Amino acid sequence: MPRHHQRGSTASGGSQRQLRVAETVRHAVADILSQGSAHDPDLEGHIITVPEVRMSPDLKLATIYIMPLGGRDTEIVLAALERNKKFLRGEIAHRINLKFAPDIRFRADERFDEAERIEKLLRTPAVQRDLNSDSEES
């Protein structure tokens with residue numbers, strides 16, 4: 001088997017091509033949303049961040065993670081993006097140079113919630129006590 005087929009792409013988040021295409025799709029979606037090209041009343045009142053796009057290994061599916069500013073109305077924004085999926089896919093196809101336009105799906109980015117949960121956990125008295133006892137032993 002050739003060496004380039006033996007590399008494990010799942011540990012690093014995908015192949016270089018997957019990462020490059022995902023970043024190109026991310027920029028295209030962010031531009032489309034910031035320009036207000038999708039004329040939907042539920043999208044017009046929101047500033048939407050696109051922190052990550054993940055591509056399938058065959059580059060035919062793009063999972064686009066979004067987060068509205070402040071994390072409010074996430075379900076409304078996701079529903080509006082789902083309604084405009086066909087338009088957005090066409091716009092992405094015009095902006096990137098791929099043989100096939102990838103199917104797209106939208107997910108809420110929950111990394112911010114996870115980071116906040118960890119931050120709260122680190123501020124609990126039990127963790128602070130353990131951190132202070134470790135520093136006193138050193």
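All residue numbers refer to positions in the sequence shown, counting from 1. What you see is a predicted model, and the numbers here were worked out from it, not measured in a lab.
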**Q.** Lys NZ or Arg CZ of K60 over F100 ring: under 6.0 Å, within 45°
**A.** yes

Q.
Taking side-chain hydrogen bond (donor to acceptor under 3.5 Å, both in side chains) as the definition, give me every residue that meets it alongside T63, ordered by chain and number, with sequence neighbours left out.
A. R105

Distance-minimising heavy-atom pair for [X] and [Y]:
X	Y	answer
V53	A62	CG1-CB, 4.1 Å
Y65	P51	O-CD, 3.2 Å
P68	V77	CG-CG2, 3.9 Å

Q. Transitively linked via ILVMFWY side-chain contacts under 4.5 Å: F87 with I76?
A. no

Atom [atom1] of [X] and atom [atom2] of [Y]: how far apart are they, to the nearest 0.5 Å?
X	Y	atom1	atom2	value
L81	L33	CG	CG	6.0 Å
T74	F106	OG1	CZ	14.0 Å
H46	D73	NE2	CG	3.5 Å
E91	I96	CD	CD1	12.0 Å
T124	K120	OG1	NZ	12.0 Å
R123	I118	CZ	CD1	12.0 Å

Q.
side chain to side chain contact (heavy atoms under 4.5 Å, CB included), that's the test. Do I32 and R95 meet it? Break it down for me.
A. CA-CA 10 Å; I32 292 165; R95 293 173 189 237; 3.5 Å; yes

Q. Are the charged groups of E52 and R54 less than 4.0 angstrom apart, N to O?
A. yes

Q) Salt-bridged, R26 to E23, with N to O below 4.0 Å? A) yes

So, do [X] and [Y] sit near enough that their side-chain heavy atoms are less than 4.5 Å apart?
X	Y	result
V29	L88	no
L61	P102	no
T49	I66	no

Q | D58 atom CG, neighbour heavy-atom count above 12 within 6.0 Å | A | yes

Q.
Tell me whether I47 at atom CD1 has more than 12 heavy atoms from other residues, nucleotides or ligands lying less than 6.0 Å away.
A. no

Q. What pairs with R83 under side-chain contact (heavy atoms from CB on, under 4.5 Å), at least two apart in sequence or on another chain?
A. D40, D42, A79, A80

**Q.** Side-chain donor/acceptor of Q18 to backbone N/O of S15, under 3.5 Å
**A.** yes

Q.
Using a 3.5 Å distance criterion without hydrogens, assess whether the side chain of R89 forms a donor-acceptor pair with backbone atoms of I104.
A. no

